[in-house]
Amino acid sequence: MSIRLGEYIIYGELFNKSSYSTHGFLALRGEDDDGEDDMYLRFELTGNCNADLRGKHIRFEPAEDDGTQKVMPREEFRRLSSFQNGPTGTMTNQGWVRALPCSVDEFVKRSSLGEPPPTEWRNHFLLEWFGQNGRVTVEIAGALVEYCVREGDDDNEDDEGDWEPVLNLALPPDFDDPSPTAALQ
């Protein structure tokens with residue numbers, strides 16, 4: 001069984017600066033509104049990220065709080081080890097996924113009334129590893145993903161460094177290829 005953490009993510013950071021070493025942390029939304037029940041999960045993994053994230057320090061978060069983010073029940077917190085180790089799986093910001101512009105509950109209600117909302121293509125952020133709790137995945141549609149160009153100054157707490165977006169270079173599935181050779185295929 002897989003543990004899926006994407007719907008609970010507040011933010012996270014990942015470091016893959018050394019060969020075959022990937023580590024970082026995730027902040028997961030808890031049941032308390034003031035953040036006291038939030039969980040911080042650390043991971044130290046053996047292996048590299050995919051080519052688009054390899055060799056980078058990245059940070060990520062959901063693009064917006066659109067009602068799909070959930071709170072992680074206390075019982076789930078207890079079952080999940082707060083320190084994860086094991087081998088990496090797929091770790092990439094490349095690819096596309098269809099996303100709902102509303103919550104799943106609203107989608108089901110609207111579908112039962114015969115008016116499903118349209119879906120849209122969003123970039124697919126995926127982290128996967130195999131730890132002591134089994135397969136763990138973080139999947140976020142349309143995540144804000146940035147990599148560090150210049151690390152911040154440790155002596156100056158206001159200096160967070162310089163960050164640039166990690167671009168999704170994969171073409172969306174419904175992309176019309178305007179190249180002349182596309183018509184010949």
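The chain is numbered in sequence order, starting from 1. Note: hydrogens, waters and symmetry copies are ignored here, and every other heavy atom, side chains too, is used. Since the model is a prediction, treat every value here as computed from it, not as a measurement.
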Taking only residues two or more places apart in sequence or in another chain, which ones pass salt bridge (Lys or Arg N to Asp or Glu O under 4.0 Å) with Glu164?
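Counting only residues at least two positions away or on another chain, Glu164 forms no salt bridge (Lys or Arg N to Asp or Glu O under 4.0 Å).
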Identify, with sequence neighbours excluded, every residue that meets salt bridge (Lys or Arg N to Asp or Glu O under 4.0 Å) alongside Asp159.
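Asp159 satisfies salt bridge (Lys or Arg N to Asp or Glu O under 4.0 Å) with Arg150 once adjacent residues are dropped.
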Short question: side chain of [X], backbone of [Y] - any donor-acceptor pair under 3.5 Å?
| X | Y | value |
| --- | --- | --- |
| Glu146 | Ile58 | no |
| Ser112 | Lys109 | yes |
| Asn168 | Trp96 | no |
| Asp38 | Arg29 | no |
| Glu160 | Glu151 | no |

Connected via hydrophobic side-chain network under 4.5 Å: Leu167 and Val145
no
In terms of hydrophobic clustering (I, L, V, M, F, W, Y; side-chain heavy atoms under 4.5 Å; direct or indirect links), are Phe83 and Leu45 co-clustered?
no
Shortest non-hydrogen contact from [X] toward [Y]:
| X | Y | value |
| --- | --- | --- |
| Val166 | Asn93 | O-ND2, 3.1 Å |
| Ala99 | Ala141 | CB-CB, 4.1 Å |
| Lys56 | Ala51 | NZ-O, 4.5 Å |
| Asn50 | Gly89 | OD1-O, 4.4 Å |

Spacing of [X] atom [atom1] and [Y] atom [atom2] [to the nearest 0.5 Å]:
| X | Y | atom1 | atom2 | answer |
| --- | --- | --- | --- | --- |
| Ser111 | Glu106 | OG | CD | 10.0 Å |
| Ile140 | Glu61 | CD1 | CD | 9.0 Å |
| Arg122 | Arg98 | CZ | CZ | 11.5 Å |

Residues forming a side chain to side chain donor-acceptor pair (under 3.5 Å) with Thr92, sequence neighbours excluded
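Scan of Thr92 (side chain to side chain donor-acceptor pair (under 3.5 Å), adjacent residues dropped) gives Asp52.
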Within a reach of under 6.0 Å around CG of Asn156, are more than 12 heavy atoms found that belong to other residues, nucleotides or ligands?
yes
Is the number of heavy atoms from other residues, nucleotides or ligands within 6.0 Å of OH (Tyr20) greater than 12?
no
Pairing residues for [X] by the side-chain contact (heavy atoms from CB on, under 4.5 Å) criterion, not counting sequence neighbours:
| X | answer |
| --- | --- |
| Cys49 | Leu14, Asn16, Thr22, Leu53, Met91 |
| Glu115 | Arg110, Leu113 |
| Gln132 | Ser81, Gln84, Asn85 |
| Glu13 | Phe15, Phe25, His57, Arg59 |

Ser82 vs Met39, side-chain contact (heavy atoms from CB on, under 4.5 Å): CA-CA, chis, key distance, verdict:
CA-CA 8 Å; Ser82 64; Met39 177 181 183; 3.8 Å; yes
For Trp163, what are the other residues in its hydrophobic cluster, where any two members join if their side-chain heavy atoms are less than 4.5 angstrom apart?
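Cluster partners of Trp163: none, it stands alone.
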Tell me who clusters with Leu126, hydrophobic residues only, linked when side chains sit under 4.5 Å apart either directly or through other members.
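Reading the cluster by chain and number, Leu126 sits alone, since nothing else belongs.
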Ring pair (Phe, Tyr, Trp, His ring centres under 6.0 Å) contacts touching residues 125-148 (sequence neighbours left out)
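Found Phe43-Trp129, Phe60-Phe125.
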Kindly determine whether Ile3 and Thr137 satisfy side-chain contact (heavy atoms from CB on, under 4.5 Å), including the steps that lead there.
CA-CA 6 Å; Ile3 296 175; Thr137 60; over 6 Å; no
What pairs with Trp121 under ring pair (Phe, Tyr, Trp, His ring centres under 6.0 Å), at least two apart in sequence or on another chain?
none
Could I get the full list of ring pair (Phe, Tyr, Trp, His ring centres under 6.0 Å) partners for His124, not counting sequence neighbours?
none
Ion pair check, Arg4 and Glu139, cut-off under 4.0 Å
yes
Does Ile9 reach the side chain of Pro62, with side-chain heavy atoms less than 4.5 Å apart?
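SC-SC contact between Ile9 and Pro62 confirmed.
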Please walk me through it: do Leu28 and Leu80 pass side-chain contact (heavy atoms from CB on, under 4.5 Å)?
CA-CA 11 Å; Leu28 305 170; Leu80 183 64; 4.3 Å; yes
Is there a side-chain contact (heavy atoms from CB on, under 4.5 Å) between Asn48 and Thr88? Walk through the geometry before answering.
CA-CA 7 Å; Asn48 288 322; Thr88 59; 5.7 Å; no
